[in-house]
Amino acid sequence: MKYKSLKGVHDIYPPDIFIWQRIENISRDIFRNYGYREIRLPIIESTEIFTRSIGETTDIVEKEMYTFTDKGGRSVTLRPEGTASFIRSYVEHYLYNEPSPQKFYYMGPMFRYERPQSGRQRQFYQIGAEVIGAESAMMDAEVISMLSLILERIGLDNLSFEITSIGCPDCRPAYTAALKDYIREKIESFCDDCRRRFDINPLRLLDCKVPSCIKEREGSPAVIEHLCGGCGEHLESLKHHLRILGVSFVINPALVRGLDYYTKTAFEVKSMSSSGSQNAVAAGGRYDRMVKEFGGPDLPGIGFAIGMERIIQLARSLNDEFEGPDIFICSLGDDESAKALGLANRLRQKGVWAEVSHDKASLRSQMNRANRIGAKSVIVIGENELKCNTAKLKAMKSGESSDVSLSADDIATALNKLVG
RNA sequence: GUGAGUGUAGCUCAGCGGCAGAGCAUCUGACUGUGGCUCAGAGGGUCGCGGGUUCAAGCCCCGUCACUCACCCCA
């Protein structure tokens, strides 16, 4: 084999593509009911868009970005996530000059240079939603319940909605100080990574999975206990409204986001039934300072992203029916084949999925093919049918048939009656 | 970046020094004009790649690449 796709990037083709389309369609339907409009963003941006927003010291920026220099000498990057691009676009096009809040969604590929494994690719797809201009925790609750509806409609269950608040620039310094005070005394008992993180990004200590570290940090101060008045009320209000909306959730104070731009609400949806360790199917949070940092007005934002590959893994088992053609037209002889082709053409113009045989083949093998591709009905045009201008339309599943004239109108009507 | 496992037909895999195989899938026929069942046959291979050992290497050895899984981190 001469060419293969690159490591960590994959083709998506039938039958999997049907699951992708189903999930995209369900999402679009629900976004519409919640007033979200689609926005299509470039997959490539100035590197600075990401380094400034995601954070210079995050893993994404430090080692996972597809960054290169273009022919004009600019540093450009394949987007590792969607929010930064969205905010750039939002500010660039003055989208805040529309009734507030503004709600957008997008679907598309993201890129991170990592070692692939189950549920993790280098090119992976996200369905994202972003809301700008809503400060109230009611919006946080609405966004999370919309996410819940999407996942439920797709057919996923056994999901855990985990929620926390990571505070704001007012309360975070006090919390980090408290955390560092607690850890500092026993820093020697933590793993190398944790010791490194202690100075760079102490919140990350809470996410370490090394058993000894988990033990050592037991009893460490929790973020949600050090929230300022505003952040505390926001979290309480979110919990209240989630209960009103009937979304069950758990508070997970150890939830840490891999991006620096989050404030207040952060949440993650985990699959309890996923076999691999990549069990986060969607994640999001509030980013109240980001629009301003991108040179726009001081507007709050909140959003989430669904990991397509991860929900596909879970949804694959519940994939059901795939559609076959409405009618397969068999023909015997050149004149008959020409008739079949013309008929198929007219049927297609009327919205019927019609297939014909393009190669000379025995009726048996044509029937076989009709069966294999899942045709709902079949019609045979031979010498006799051509002469009388009538034929038998046969429903493949039931075996029932009815006589029709060889006109697209009659066939379409008969099809409706015979196979729906 | 670190560690482990696996590379043989389109797919799932067997073969473990001695002619490159099975099941499924595809195509054809048995059955001039009605599919699904059955039977027979056909097509399809750089045994990942390179080197070494051997009279002889999918098989053993070395290297390399790819894939998978896990760690790190994340969607």
Side-chain angles (χ1 to χ4, degrees), chain A residues 1-10 13 54 57-64 79-83 107-128 147 191-194 196-197 201 204 207-210 255-259 267-271 274-285 303-314 324 328-333 336 359-386 391-399 401:
Chain A
M1 198 169 309
K2 205 168 175 188
Y3 298 114
K4 294 174 68 176
S5 66
L6 261 29
K7 184 197 283 283
V9 316
H10 295 286
Y13 50 92
I54 295 170
T57 64
T58 57
D59 278 17
I60 293 179
V61 169
E62 273 182 351
K63 53 185 195 190
E64 294 172 4
R79 63 179 185 190
E81 60 106 31
T83 303
M107 334 184 142
M110 308 293 162
F111 303 83
R112 291 184 202 172
Y113 193 86
E114 298 179 271
R115 284 281 281 271
Q117 69 187 72
S118 180
R120 174 187 298 156
Q121 284 78 41
R122 287 183 171 180
Q123 175 173 345
F124 60 102
Y125 291 76
Q126 289 188 337
I127 297 177
L147 171 60
C191 69
D192 291 348
D193 272 339
C194 280
R196 186 174 56 86
R197 292 179 188 126
N201 199 343
R204 289 244 157 263
D207 202 29
C208 184
K209 283 158 190 123
V210 176
L255 205 60
V256 179
R257 307 279 62 229
L259 307 96
F267 58 92
E268 195 164 301
V269 185
K270 290 178 180 166
S271 162
S274 116
S275 49
S277 59
Q278 256 59 55
N279 62 351
V281 299
F304 65 75
I306 300 171
M308 266 301 250
E309 284 79 1
R310 293 186 184 179
I311 59 177
I312 297 279
Q313 273 187 334
L314 299 170
F328 189 100
I329 307 173
C330 301
S331 56
L332 303 152
E336 290 82 356
D359 303 306
K360 281 204 171 71
S362 68
L363 182 64
R364 177 181 197 80
S365 81
Q366 291 185 56
M367 285 298 293
N368 232 315
R369 172 138 185 268
N371 187 51
R372 291 305 314 276
I373 64 178
K376 294 188 190 113
S377 72
V378 72
I379 192 168
V380 179
I381 303 179
E383 201 180 342
N384 241 351
E385 286 83 357
L386 199 58
K392 271 191 172 26
L393 177 70
K394 175 177 173 179
M396 292 297 273
K397 216 165 181 177
S398 64
S401 63

**Message:** With a 4.0 Å limit, can you tell me whether Ser365(A) has a side-chain N or O closer than that to the phosphate oxygens OP1/OP2 of rU28(B)?
**Reply:**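 Looking at the OP1 and OP2 atoms of rU28(B), one of them is under 4.0 Å from a side-chain N or O of Ser365(A).
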**Gln117(A) side-chain N/O to rA70(B) phosphate OP1/OP2 under 4.0 Å** =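 So the side-chain polar atoms of Gln117(A) do come within 4.0 Å of the phosphate oxygens OP1 or OP2 of rA70(B), strictly under.
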Taking only the [atom1] atom of each, what is the distance from [N] to [M] in whole angstrom?
{"N": "rA14(B)", "M": "rG23(B)", "atom1": "C1'", "value": "10 Å"}
{"N": "rG36(B)", "M": "rC31(B)", "atom1": "P", "value": "14 Å"}
{"N": "rA42(B)", "M": "rA22(B)", "atom1": "P", "value": "11 Å"}
{"N": "rC13(B)", "M": "rA70(B)", "atom1": "C1'", "value": "24 Å"}
{"N": "rA57(B)", "M": "rG15(B)", "atom1": "C1'", "value": "13 Å"}
{"N": "rG50(B)", "M": "rA66(B)", "atom1": "C1'", "value": "14 Å"}
{"N": "rG21(B)", "M": "rG45(B)", "atom1": "P", "value": "14 Å"}
{"N": "rA9(B)", "M": "rG1(B)", "atom1": "P", "value": "29 Å"}

Side-chain donor/acceptor of [X] to backbone N/O of [Y], under 3.5 Å:
{"X": "Gln121(A)", "Y": "Gln123(A)", "result": "no"}
{"X": "Arg310(A)", "Y": "Ala280(A)", "result": "yes"}
{"X": "Arg79(A)", "Y": "Pro109(A)", "result": "yes"}
{"X": "Gln366(A)", "Y": "Ser331(A)", "result": "yes"}
{"X": "Arg122(A)", "Y": "Pro116(A)", "result": "no"}

**Inter-residue atom distance Gln126(A).CD - Phe304(A).CZ, 0.5 Å rounding** =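 It is 11.0 Å, given to the nearest 0.5 Å.
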**Asked** Measuring from Met107(A):CE to Tyr125(A):OH, what's the distance to the nearest 0.5 Å?
**Response**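 One gets 13.0 Å once the value is rounded to the nearest 0.5 Å.
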Go ahead and name the base partner of [N]; Watson-Crick or wobble counts if both distances stay under 3.5 Å, otherwise write none.
{"N": "rA66(B)", "result": "rU6(B)"}
{"N": "rU38(B)", "result": "rA30(B)"}
{"N": "rC71(B)", "result": "rG1(B)"}
{"N": "rA14(B)", "result": "none"}
{"N": "rA25(B)", "result": "none"}
{"N": "rA20(B)", "result": "none"}
{"N": "rC60(B)", "result": "rG52(B)"}
{"N": "rG45(B)", "result": "none"}

Just checking [X]: base, sugar-phosphate only, or nothing, at a heavy-atom cut-off of under 4.0 Å?
{"X": "Gln121(A)", "answer": "base"}
{"X": "Ala283(A)", "answer": "sugar-phosphate"}
{"X": "Glu81(A)", "answer": "nothing"}

Rounded to whole angstrom units, what separation is found between the [atom1] atom of [X] and the [atom2] atom of [N]?
{"X": "Lys7(A)", "N": "rA66(B)", "atom1": "NZ", "atom2": "C1'", "answer": "7 Å"}
{"X": "Ile312(A)", "N": "rA75(B)", "atom1": "CD1", "atom2": "C1'", "answer": "13 Å"}
{"X": "Arg115(A)", "N": "rG5(B)", "atom1": "CZ", "atom2": "C1'", "answer": "13 Å"}
{"X": "Glu309(A)", "N": "rC69(B)", "atom1": "CD", "atom2": "P", "answer": "12 Å"}
{"X": "Arg120(A)", "N": "rC67(B)", "atom1": "CZ", "atom2": "P", "answer": "15 Å"}
{"X": "Lys4(A)", "N": "rA66(B)", "atom1": "NZ", "atom2": "P", "answer": "8 Å"}
{"X": "Phe267(A)", "N": "rC74(B)", "atom1": "CZ", "atom2": "P", "answer": "16 Å"}
{"X": "Tyr113(A)", "N": "rG1(B)", "atom1": "OH", "atom2": "C1'", "answer": "10 Å"}

**Request:** Might you point out which heavy atoms bring Phe267(A) and Gly303(A) nearest each other, and give the distance in Å?
**Result:**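 Taking every non-hydrogen atom into account, CZ-O, 3.8 Å.
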**Message:** Looking at every heavy atom in both Met367(A) and Cys330(A), which two are closest together, and how far apart are they?
**Reply:**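 For Met367(A) versus Cys330(A), the nearest heavy atoms are SD-SG, 4.1 Å.
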**Upstream residue (5' side of RNA chain B) when Arg122(A) and Ala361(A) are each assigned their closest nucleotide** =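 Of the two residues, Ala361(A) wins.
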**Request:** On RNA chain B, check which nucleotide each of Leu6(A) and Met308(A) is closest to and give me the residue with the more 5' one.
**Result:**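 It is Leu6(A), whose closest nucleotide lies nearer the 5' terminus.
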**Request:** Would you classify rG35(B) as syn or anti? Syn applies when the glycosidic angle is within 90° of 0.
**Result:**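 rG35(B): anti glycosidic orientation.
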**Message:** Would you say Thr58(A) and Glu64(A) are linked by a side-chain donor-acceptor pair, where the criterion is simply a distance under 3.5 Å?
**Reply:**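 No, because no side-chain N or O of Glu64(A) sits under 3.5 Å from a partner of the opposite role on Thr58(A).
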**Message:** If you go through the side-chain atoms of Arg310(A), does one of them form a donor-acceptor pair with the base of rC74(B) closer than 3.5 Å?
**Reply:**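 Donor-acceptor pair under 3.5 Å: yes.
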Could you list the protein-to-nucleotides 33-42 of chain B atom pairs, N/O on both sides, closer than 3.5 Å?
| from | atom 1 | to | atom 2 | distance (Å) |
| --- | --- | --- | --- | --- |
| rG33(B) | O6 | Glu383(A) | N | 3.0 |
| rG33(B) | O6 | Asn384(A) | N | 3.4 |
| rG33(B) | N1 | Glu385(A) | OE1 | 2.8 |
| rG33(B) | N1 | Glu385(A) | OE2 | 3.1 |
| rG33(B) | N2 | Glu385(A) | OE1 | 3.4 |
| rG33(B) | N2 | Glu385(A) | OE2 | 2.1 |
| rU34(B) | O2' | Lys394(A) | NZ | 3.3 |
| rG35(B) | O2' | Asn371(A) | ND2 | 3.4 |
| rG35(B) | N7 | Lys394(A) | NZ | 3.2 |
| rG35(B) | O6 | Met396(A) | O | 3.0 |
| rG35(B) | N1 | Met396(A) | O | 2.4 |
| rG35(B) | N2 | Asn371(A) | OD1 | 2.7 |
| rG35(B) | N2 | Met396(A) | O | 3.4 |
| rG35(B) | N3 | Asn371(A) | OD1 | 3.1 |
| rG36(B) | O4' | Asn371(A) | ND2 | 3.1 |
| rC37(B) | N4 | Arg364(A) | NH2 | 3.4 |

